[in-house]
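Keep in mind that the numbers below use all heavy atoms, side chains included, and drop hydrogens, waters and symmetry copies. Convention: sequence-line order gives letters A, B, ...; per-chain numbering from 1. Predicted model only: the values in this text are computed from it and were never measured.
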2 protein chains.
Amino acid sequence: MGALGELERAVMDAVWDAGAAITAYDVQASLEQAQQRTWAVTTVLTVLGRLEKKGLVSSDRSARPHHYRAVASRADHVAELMHEALGETTDRSGVFSRFVGGISAEDADMLRSLLREG
Amino acid sequence: MGALGELERAVMDAVWDAGAAITAYDVQASLEQAQQRTWAVTTVLTVLGRLEKKGLVSSDRSARPHHYRAVASRADHVAELMHEALGETTDRSGVFSRFVGGISAEDADMLRSLLREG
DNA sequence: AATTTCTTCTATAGTCTGTAGAAGCACTTC
DNA sequence: GAAGTGCTTCTACAGACTATAGAAGAAATT
């Protein structure tokens, strides 16, 4: 539900970029590499816990350094955010028109061909 | 920037629905009609002030009951949210594919024709 | 059993939102 | 011009959420 905070966002990026299940330590290392600072592992664990509560990650607690994985792909997540933004808006054509007007030619091409299929 | 709270959202809806510039009292009345409760005008004014700080509304403070208006249309706002969600995502086709897969046939038609033009 | 490794608990400070009273300013009216 | 009336600004507080991590507890290792 709620939008992600900055660190939560960074952690999700680490999880997504990992592709597979990773530990808090992996996330910690990934964060440190991506940003220019360090975080306590407990901080990372707290955030992972919150992300799990939000349904964005799931954990395997049988393995000893617990493993975390993204529940949905980044693409799924982003697409869902877009749907959420759209919501119940009645003026769909107005929204779509402005949306389409703001994307690159490449993006437009992709959308076009995706709409052809289906 | 930050996502809107529930009341902020309701206030924006009132402003958007008004179509033109409206006063805090108008918003108050609109809110009361839309929901099943009342708010102090000061509450509405505080929220309008916050929305102004966020750049979502602008105010004309020369008129005595100050007038507020939406800076962007609802469609603009929603389209911008969608762009923001998309952000720098590299896997555009993955996102678009999932996004398109989740919209109605009517929406798809609209998008298709909008993409044909331009 | 001692040590190391990892997790859970607990806690604090900061930001944001909801909520609105109190106090101030301006315009009208006696 | 004193007094109301209507509107705005100031100030404030409580609740939620986020960032942050130490301390303490549990488990695996030596």
Discussion item. Can you pull out the residues from residues 59-66 of chain B that lie within a 4.0 Å heavy-atom distance of DNA chain D?
Written reply: B:R61, B:R64, B:P65, B:H66
Fill in: Connected hydrophobic set around A:L81, excluding itself, where side chains approach under 4.5 Å
none
Discussion item. Tell me which pairs pass side-chain hydrogen bond (donor to acceptor under 3.5 Å, both in side chains) where either residue lies in residues 35-48 of chain A, with sequence neighbours left out.
Written reply: none
Worksheet item: In the 5'-to-3' direction, what one-character label does each nucleotide of nucleotides 10-25 of chain D receive under the scheme B = base within less than 4.0 Å of a protein heavy atom, S = sugar-phosphate only, - = no such atom?
Response: --------BBBBBB--
Could you pull out all residues at least two apart from [X] that satisfy side-chain hydrogen bond (donor to acceptor under 3.5 Å, both in side chains)?
X: A:Q28; value: none
X: A:S73; value: A:D76
X: A:R61; value: A:E52, A:S59
X: A:S62; value: A:D60

Worksheet entry | Counterpart residues, side chain to side chain contact (heavy atoms under 4.5 Å, CB included), relative to B:S93 (two or more places apart) |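 For B:S93, the residues satisfying side chain to side chain contact (heavy atoms under 4.5 Å, CB included) (neighbours in sequence not counted) are A:M110, B:D91.
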Worksheet entry | Qualifying residues under ring pair (Phe, Tyr, Trp, His ring centres under 6.0 Å), relative to A:F96, sequence neighbours excluded |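 Partners of A:F96 by the ring pair (Phe, Tyr, Trp, His ring centres under 6.0 Å) criterion come out as none, since no residue qualifies.
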Practice prompt. Check every nucleotide of DNA chain C for an atom under 4.0 Å from a heavy-atom of chain A, then give the first and the last such nucleotide from 5' to 3'.
Written response: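 Under 4.0 Å from chain A, the extent on DNA chain C is C:dC6 to C:dT8.
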Discussion item. Please find the pair of heavy atoms, one from A:A3 and one from A:K54, that lie closest to each other, and give the distance.
Written reply: O-NZ, 3.8 Å
For residues 9-17 of chain B, which side-chain donor-acceptor pairs fall under 3.5 Å, sequence neighbours excluded?
residue: B:D13; atom: OD1; partner: B:R74; partner atom: NH1; Å: 2.9
residue: B:W16; atom: NE1; partner: B:A72; partner atom: O; Å: 2.8
residue: B:D17; atom: OD1; partner: B:R74; partner atom: NH2; Å: 2.4

Worksheet item: Can you tell me how far C1' of D:dG6 sits from OH of B:Y25, to the nearest Å?
Response: 7 Å
